[in-house]
Amino acid sequence: YQLVMPRDRTVPPVVFHLIPWFGSAAAYGGDPVEFFKSCREKYGNVFTFILLGKRVTVALGPQGNDFVFGGKHTVIAAEDVYQHLTTPVFGKDVVYDVPNEVLMEQKKFVKVSLTVEKFREYVGMIEEEMTEFMKGDPAFLIWQMKDINEWGTFDAYKTLAEMTILTAARTLLGREVRESLDKGFADLYSDLDHGMTPLHWMFSDLPLPSYRKRDAAHQKISGFYQSILQKRKRQESEYEDDVMGSLMKQQYRDGRALQDHEIAHILIALLMAGQHTSSSSTSWALLHLADRPDVADALYQEQVEHFGTPDGGLRDMTYEEMRKLPILDAVIRETLRMHTPIHSIMRQVRSDITVPPTLGAPSEDNVYVVPKGHIVLASPALSQMDPKIWKDADKWDPSRWYDADGFAAQAHRQYDEDGKVDFIFSKGTGSPYLPFGAGRHRCIGEQFATLQIGVIISTFVRKIEMRLDQPFPKPDYASMMVIPLRPCQILYRRRKFD
Ligand code: HEM
């Protein structure tokens with residue numbers, strides 16, 4: 001009887017705020033995760049807050065993830081929320097500047113170019129880039145001097161940001177781009193990067209220097225990539241079989257080849273998508289390892305066990321072997337659980353949508369309806385840190401990801417009030433653990449990122465011992481990503497057998 005009864009329809013509760021247009025911008029911008037937690041206590045899993053004139057309806061928990069990630073793209077669209085931020089940076093005719101079907105094709109083009117054969121080569125390339133970087137960086141003087149007794153320090157975020165761009169350029173973007181990194185490309189990249197902030201999301205264009213620099217940097221980088229493409233086509237440049245080379249060979253379903261500017265813009269999008277996500281993840285991982293030398297030692301022992309040589313050294317890692325290292329895998333998973341780089345995933349509502357009553361409802365015979373024009377927002381950061389789902393949720397504990405036998409994701413379990421396992425989660429859009437998203441906008445860079453993060457962490461652990469002699473850094477939410485708040489210095493000394 002209840003099922004056939006028409007239910008009343010109510011808009012979700014609006015978070016209390018004093019200033020009408022400004023709304024909850026300060027609370028959300030200052031600490032989105034705390035803001036969502038406190039709203040969940042007051043309003044439940046579904047609520048709306050005002051963000052500088054926009055109405056944002058938040059859907060929390062695994063079901064909230066499912067609601068947003070699993071929603072139909074014709075009803076909730078990513079491009080409507082992100083296009084004005086990303087098109088000036090990535091460029092025309094790619095990602096959110098095209099209909100969703102075209103983005104799906106572009107994602108496939110990139111996916112087929114990220115093959116296992118390439119990943120095999122990338123392991124050595126990343127390690128080599130890191131070693132070269134450490135040989136030239138003043139922060140690693142103690143390591144350069146081969147002194148095993150002195151301690152030095154490095155800034156975790158700054159170091160990892162530089163290493164990430166060098167290693168991504170060398171692997172994903174090809175030789176020509178990597179070589180130009182030493183010749184001013186890094187400054188252009190930085191100007192482009194400064195065009196992807198919450199301010200640029202709010203206002204696509206303003207008469208401010210950062211906007212002019214963003215546009216100039218886009219022109220130059222896009223022009224630079226297109227000039228490489230032209231040279232390659234005229235066979236004036238020998239090139240490796242990299243992502244650009246692979247994109248040059250592919251076609252849309254209607255038989256059309258990708259134009260030069262589309263290839264250039266896809267490459268810009270890839271660099272931007274992978275930079276802060278990977279660099280923040282590696283810096284958080286290293287900070288935790290410095291804070292927990294016992295875990296760093298376990299990681300080092302894992303390296304010795306798998307790659308140790310009779311003379312007490314360590315041989316090169318291979319891609320296949322790296323994928324079978326349970327402690328390394330657990331360190332990456334656990335870091336992405338606690339420090340998922342993207343705290344808010346948004347979509348624009350194109351027609352009214354009903355919220356499933358099990359996610360949230362005003363009463364038994366009433367449902368919430370999110371009206372057309374709202375933004376819906378999922379935050380896996382919350383479900384990944386929910387104490388109802390994760391034992392000791394606030395504790396960085398890689399061992400939760402394996403048991404005595406090695407791999408076994410004990411983490412995907414929900415605990416009831418007595419601490420007993422309630423049920424095991426599935427992997428789909430309704431999973432509580434979604435650092436790489438889910439559904440049609442899911443990340444295509446997961447394997448690459450896991451490889452890059454894994455090689456970077458392992459190489460550090462092989463070369464140095466780390467300690468933290470400051471309080472563990474808090475998250476900084478001022479940019480679009482969750483990065484460690486400065487200072488985030490790591491103390492290090494050269495490992496005896498490096
Ligand atoms: C999408 C996270 C690295 C390329 C996504 C999404 C998330 C994510 C959460 C879903 C966004 C949404 O639903 O709106 C991460 C994390 C990374 C990482 C945590 C590293 C730790 C990378 C790398 C690349 C990349 C290295 C490129 C090689 C993309 C692309 C999309 C995406 C192309 C699709 C966007 C869409 O379909 O709308 N990523 N990412 N990501 N990511 Fe990643």
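Just so you know, ligand 1 is whichever comes first in the structure, and atom 1 is the first atom listed for that ligand.
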Visitor: Under 3.5 Å between some N or O of ligand 1 and some N or O of K107?
Guide: yes

Visitor: Backbone, side chain, both or neither: what part of T277 comes under 4.0 angstrom of ligand 1, heavy atoms only?
Guide: both

Visitor: How far is atom 2 (C) of ligand 1 from its nearest protein heavy atom, and which residue and atom is that?
Guide: P435 O, 3.4 Å

Visitor: Tell me whether A78 reaches ligand 1 (any heavy atom closer than 4.0 angstrom to a ligand atom).
Guide: no

Visitor: Mind checking whether H200 and H194 have ring centres under 6.0 Å apart?
Guide: no

Visitor: Can you report which non-hydrogen protein atom sits closest to atom 30 (C) of ligand 1, along with the distance?
Guide: I444 CG1, 3.8 Å

Visitor: Could you state the interatomic distance from CG (L229) to CG (L267), rounded to the nearest 0.5 Å?
Guide: 7.5 Å

Visitor: If you round to the nearest 0.5 Å, how far is CG of D193 from OG of S210?
Guide: 11.5 Å

Visitor: Work out whether the distance between some heavy atom of L172 and some atom of ligand 1 is less than 4.0 Å.
Guide: yes

Visitor: Counting only N and O atoms by type, is there a donor-acceptor contact under 3.5 Å from the side chain of H265 to the main-chain atoms of H261?
Guide: yes

Visitor: Between F460 and F154 (judged by ring centroids, cut-off 6.0 Å), do the two rings come close enough to count as a pair?
Guide: yes

Visitor: Looking only at atom types and distance, does a side-chain atom of R337 sit under 3.5 Å from a main-chain N or O of Q384, one as donor and one as acceptor?
Guide: yes

Visitor: Mark up the atoms of ligand 1 that fall under 4.0 Å of a heavy atom belonging to I342, in ascending order.
Guide: 2 (C), 7 (C), 8 (C), 9 (C)

Visitor: Indicate yes or no: does E79 engage R440 in a salt bridge with an N to O separation below 4.0 Å.
Guide: no

Visitor: Ring of W396, cation from R292 - is the NZ or CZ under 6.0 Å from the centre and inside 45° of the axis?
Guide: no

Visitor: At under 4.0 Å between heavy atoms, which part of P341 makes contact with ligand 1: side chain, backbone, both or neither?
Guide: side chain

Visitor: Tell me the protein heavy atom at minimum distance from atom 24 (C) of ligand 1, and give that distance in Å.
Guide: G445 CA, 3.6 Å

Visitor: I need the nearest protein heavy-atom contact for atom 26 (C) of ligand 1: residue, atom name and distance, please.
Guide: G274 CA, 3.5 Å

Visitor: So, for T57 and V46, which heavy atoms are closest and what is the spacing to 0.1 Å?
Guide: CG2-CG1, 4.0 Å

Visitor: Rounded to the nearest 0.5 Å, how far apart are OH of Y189 and OG of S180?
Guide: 14.0 Å

Visitor: For atom 36 (C) of ligand 1, find the nearest protein heavy atom and state the residue, atom name and distance (0.1 Å precision).
Guide: H441 ND1, 3.2 Å

Visitor: In the protein, what heavy atom is nearest to atom 21 (C) of ligand 1, and what distance, to one decimal place, separates them?
Guide: S281 OG, 3.6 Å

Visitor: What part of F436, side chain, backbone, both or neither, has a heavy atom within less than 4.0 angstrom of ligand 1?
Guide: both

Visitor: Could you see which bit of L434 sits under 4.0 Å from ligand 1, with heavy atoms only: side chain, backbone, both or neither?
Guide: neither

Visitor: Are K118 and E121 ion-paired here, with the side-chain N under 4.0 Å from a carboxylate O?
Guide: no

Visitor: Could you tell me which atoms of ligand 1, counted from 1 in the order shown, lie closer than 4.0 angstrom to a heavy atom of F448?
Guide: 26 (C)

Visitor: Within a distance under 4.0 Å of any heavy atom of F69, pick out the atoms of ligand 1 and give their elements.
Guide: 13 (O)

Visitor: Taking the six-membered ring for Trp and the full ring for Phe, Tyr or His, determine whether the centres of H288 and F472 are under 6.0 Å apart.
Guide: yes

Visitor: Report the nearest protein non-hydrogen atom to atom 32 (C) of ligand 1: residue, atom name, distance rounded to 0.1 Å.
Guide: C443 CA, 3.4 Å

Visitor: Please confirm whether R347 approaches ligand 1 to less than 4.0 Å, judged on its heavy atoms.
Guide: yes

Visitor: Return the closest protein heavy atom for atom 35 (C) of ligand 1 as residue, atom name and distance.
Guide: Y96 OH, 3.5 Å

